[in-house]
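All values reported here derive from a predicted model rather than from experimental measurement. In this chain, residues are counted from 1 in sequence order. First listed ligand is number 1; within each ligand, the first listed atom is number 1.
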Amino acid sequence: MRSWNFYAGPATLPLAALERAQQEFIEWEGTGMSVMETSHRSPEYDAVHNEAISLLTELLGLDDDQQVLFIQGGASSQFAMLPMNFIPAGGSADYINTGTWSQKAINEANIVAKCRVAGGSEADGFTRVPKADELDLDPNAAYVHLTSNNTIKGTQFIDFPDTGDVPLVADMSSDILWRPIDATKFGMLYAGAQKNIGPSGVCIVIVRKSWIEKANSAIPTMLRYATHSSKNSLYNTPPSFSIYMVRNVLRWVMDNGGLAGMETRNRAKAERLYKVFEASGGFYRSPVEVASRSYMNVVFRLPTEELEAQFVKEGKANKMFGLKGHRSVGGCRASIYNAMEPEGVEVLAQFMEEFARTNG
Ligand SMILES: Cc1ncc(COP(=O)(O)O)c(C=O)c1O
């Protein structure tokens, strides 16, 4: 029996995507071998690679100037690649600081170029995302960077700031594909696959070809977007099995109502948990401002750290894994990405109600 997996990443994957991989693990597409064993130059692999790209293009409604790239090194490598490619000599980029991941992106940008913090929520302990009118944007910035969902603090941008002619870049590692968005608004968006889109090993980067043409070129080959763009992410050996799994997950998204289907299911799941907080008479507390609460990572505190430890332990004994908050903040967290079934959230909600009744 499968457990309910609330880990923040790597995270639960759709059963249909795993079962397809299981069926095709040893003999795939009539080749008599696994996709893992197949040349990345073969027509069979090429079909999977391009299907993953077309599914992402269709789901996100990308325009002709936007290109999907598969790059290794995780979202963390994008923290460095982005400024290396797009901050011109003597230029600067704007960053919105909403916590750990934004801060890491800022640190990397400061190693290779110059960036400035154009706003954030540090003064509030990162318990919210800033509103558009609180930002101080530089019209000459190379781009504006934000983290759409803070996996650790459980905050999420529901509306994105209008950055005018300055390209908007988003780290969407923990909420890509959670609902329909106007993806054409972005100069670039990127996401490590291992939360909402597949296993670890590949980072999805969606970037404007017209922007790549203007990128810095005095950087190592593998760190240039132009390299990956001109070779359709096949300059060197791609993480083919991860991309195959991403394709399986995207098929599942498509078969389950696309992004509109994901939004309906994700809103219902998060609202179910937030209702448990409200009905608990203060037993469960969300540290996050209501308007900034994440639909992907629901973070909460219990009255004491001892009760939190007991909650996590009993959850695990009841086949609910990963309910411990990030080690940097403590508390509890339920990550309920696209693939988390509504039934899993219902099981968790009932467990929480029962736990509060017994220990409140
Ligand atoms: C929002 C966000 N950005 C970046 C990362 C880092 O991703 P990776 O481990 O793929 O480098 C994470 C990982 O949890 C994340 O949650």
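- Ion pairing between a basic and an acidic side chain is recognised when a charged N comes within 4.0 Å of a carboxylate O; Glu346 and Lys269 show no such pairing.
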Would you mind writing out a table of all protein N or O atoms found under 3.5 Å from any N or O atom of ligand 1, naming both atoms and giving the distance to 0.1 Å?
residue: ligand 1; atom: 3 (N); partner: Asp171; partner atom: OD2; Å: 2.6
residue: ligand 1; atom: 9 (O); partner: Gln194; partner atom: NE2; Å: 3.4
residue: ligand 1; atom: 10 (O); partner: Ala75; partner atom: N; Å: 3.0
residue: ligand 1; atom: 10 (O); partner: Gln194; partner atom: NE2; Å: 2.9
residue: ligand 1; atom: 11 (O); partner: Ala75; partner atom: N; Å: 3.2
residue: ligand 1; atom: 11 (O); partner: Ser76; partner atom: N; Å: 2.9
residue: ligand 1; atom: 11 (O); partner: Ser76; partner atom: OG; Å: 2.6
residue: ligand 1; atom: 14 (O); partner: Lys195; partner atom: NZ; Å: 2.7
residue: ligand 1; atom: 16 (O); partner: Trp101; partner atom: NE1; Å: 3.3
residue: ligand 1; atom: 16 (O); partner: Thr151; partner atom: OG1; Å: 2.5

Which donor-acceptor pairs under 3.5 Å do side chains of residues 213-220 form with protein atoms, sequence neighbours excluded?
residue: Asn216; atom: ND2; partner: Met84; partner atom: O; Å: 2.8
residue: Asn216; atom: ND2; partner: Asn85; partner atom: O; Å: 3.4
residue: Asn216; atom: ND2; partner: Ile87; partner atom: O; Å: 2.9

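- Using a 4.5 Å cut-off between side-chain heavy atoms of Ile, Leu, Val, Met, Phe, Trp and Tyr, Tyr7 falls into a hydrophobic cluster with Phe321.
- For Arg301, the salt bridge (Lys or Arg N to Asp or Glu O under 4.0 Å) partners two or more places apart in sequence, or in a different chain, are Glu308.
- By the 4.0 Å N-to-carboxylate-O rule, Arg267 lies close enough to Glu263 to be salt-bridged with it.
- Classification of the Trp178-Tyr295 ring pair by plane angle, with boundaries at 30° and 60°, yields parallel.
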